[in-house]
Amino acid sequence: SQKIEQNSEALNIQEGKTATLTCNYTNYSPAYLQWYRQDPGRGPVFLLLIRENEKEKRKERLKVTFDTTLKQSLFHITASQPADSATYLCALDGRGYSTLTFGKGTMLLVSP
Amino acid sequence: DAGVIQSPRHEVTEMGQEVTLRCKPISGHNSLFWYRQTMMRGLELLIYFNNNVPIDDSGMPEDRFSAKMPNASFSTLKIQPSEPRDSAVYFCASSQDRGGSYEQYFGPGTRLTVT
């Protein structure tokens, strides 16, 4: 069966360190993978999109990698700040015009 | 643009009552999605529309759920009759088009509590 797995345990790190979140999937061949941020009581907010033929994508302090062989995406936040504390969701698609399927998300807590 | 607008933000109702959730997508977006989020199951797609036409409703849990999109600027999700297990946060999202290459813009959600 199809699965998207994100670490259900919260990731606690100190301010200034690099946070690395993992998204693993099985029985998918996504053409695109997206990452979203969700704060308590709010809807998810889009952060980054990476295509299957891209190994890495960067946006300011954010970096996403996409390894279709390992069936894994890593999401990095460098020089993390307490304001980065939130739940981060990965989402991937099938082929053609299929919609996104979301992982359950990983909560990141950045302490000062 | 004001973003995706949802109403009400909170809804508390008794089992057996009808519940109607409303959504106004971002102007110019032609795809609209309804999701349900719970701690146990995460964010689940219920149904999505493209150009006001329902494309995939396989995520709708049962016949008690129905959704409509009478025009490009309005959609409703109705639950009749409601049950306690329907308690969740319901999100509406829109995107320029369908497919994984388009990011989705989410509304603030409706927190539904069925007692």
Side-chain angles (χ1 to χ4, degrees), chain A residues 1-10 21 23-25 28-54 57 59 62 64 66 68 73 86-107, chain B residues 2-7 9-10 21 23-26 29-51 53-60 88-113:
Chain A
S1 62
Q2 292 180 319
K3 279 186 185 177
I4 302 173
E5 293 181 339
Q6 294 186 258
N7 198 335
S8 58
E9 289 186 14
L21 305 175
C23 176
N24 295 302
Y25 58 91
Y28 279 98
S29 294
Y32 303 93
L33 191 145
Q34 301 186 19
W35 283 88
Y36 288 74
R37 169 184 173 142
Q38 186 173 21
D39 290 284
R42 294 177 176 263
V45 174
F46 171 78
L47 296 174
L48 278 170
L49 177 152
I50 187 166
R51 294 172 172 76
E52 63 175 335
N53 60 355
E54 296 177 314
K57 199 82 167 278
K59 179 182 175 183
L62 309 180
V64 172
F66 193 8
T68 55
S73 175
T87 296
Y88 291 86
L89 306 164
C90 71
L92 48 86
D93 77 320
R95 296 284 169 172
Y97 288 111
S98 71
T99 56
L100 295 175
T101 302
F102 284 80
K104 291 185 179 179
T106 298
M107 183 182 293
Chain B
V4 176
I5 299 172
Q6 290 187 248
S7 64
R9 292 294 311 277
H10 302 274
L21 311 181
C23 175
K24 177 179 168 53
I26 292 173
H29 283 188
N30 65 15
S31 292
L32 182 140
F33 309 84
W34 282 101
Y35 291 91
R36 176 172 69 177
Q37 188 174 41
T38 61
M39 288 292 292
M40 285 293 294
R41 301 175 68 89
L43 194 63
E44 302 175 281
L45 178 67
L46 299 177
I47 185 171
Y48 86 95
F49 295 82
N50 195 61
N51 293 322
V53 175
I55 302 299
D56 183 358
D57 65 354
S58 59
M60 297 284 260
V89 181
Y90 291 80
F91 288 104
C92 175
S94 70
S95 67
Q96 281 188 305
D97 205 340
R98 55 181 173 157
S101 62
Y102 295 94
E103 63 262 34
Q104 296 185 12
Y105 295 79
F106 284 77
T110 296
R111 181 173 294 277
L112 173 64
T113 303

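Chain letters run A, B, ... following the sequence lines, proteins first, then strands; residues in each count from 1. These numbers were taken from a predicted model, which means no experiment stands behind them.
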Is a donor on one side and an acceptor on the other found under 3.5 Å between the side chain of A/Y36 and the backbone of B/Q104?
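Here the side-chain-to-backbone pair exists.
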Using a 6.0 Å cut-off, check whether atom [atom1] of [X] has over 12 heavy atoms from anything other than its own residue.
{"X": "B/Q96", "atom1": "CD", "result": "no"}
{"X": "B/M60", "atom1": "CE", "result": "yes"}
{"X": "A/E9", "atom1": "CD", "result": "no"}

Give the member of A/G43, A/G105, A/S8, A/G41 that has the highest number of heavy-atom pairs under 4.5 Å with chain B.
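It is A/G43.
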Heavy-atom pair count under 4.5 Å with chain A, highest-scoring of B/S101, B/G42, B/A93, B/S95
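Between B/S101, B/G42, B/A93, B/S95, the count favours B/S101.
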How long is the span from the OH atom in B/Y35 to the CG atom in A/L100, to the nearest 0.5 Å?
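Answer for the OH-CG pair, B/Y35 versus A/L100, is 5.5 Å.
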Separation between NZ of A/K104 and CD of B/Q37, rounded to the nearest 0.5 Å:
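Between A/K104 NZ and B/Q37 CD, I get 11.0 Å after rounding to 0.5 Å.
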Distance-minimising heavy-atom pair for B/G100 and A/Y32
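Heavy atoms of B/G100 and A/Y32 come nearest at O-CB, 3.3 Å.
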Contact origin within B/R41 toward chain A - heavy atom pairs under 4.5 Å:
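Backbone of B/R41 only, per the 4.5 Å heavy-atom cut-off to chain A.
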Non-hydrogen atoms of chain A under 4.5 Å away: do they reach the side chain of B/L43, the backbone, both or neither?
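Both backbone and side chain.
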Begin from the C-alpha positions of B/F106 and A/R42 and carry the test side-chain contact (heavy atoms from CB on, under 4.5 Å) through to its verdict.
CA-CA 9 Å; B/F106 284 77; A/R42 294 177 176 263; over 6 Å; no
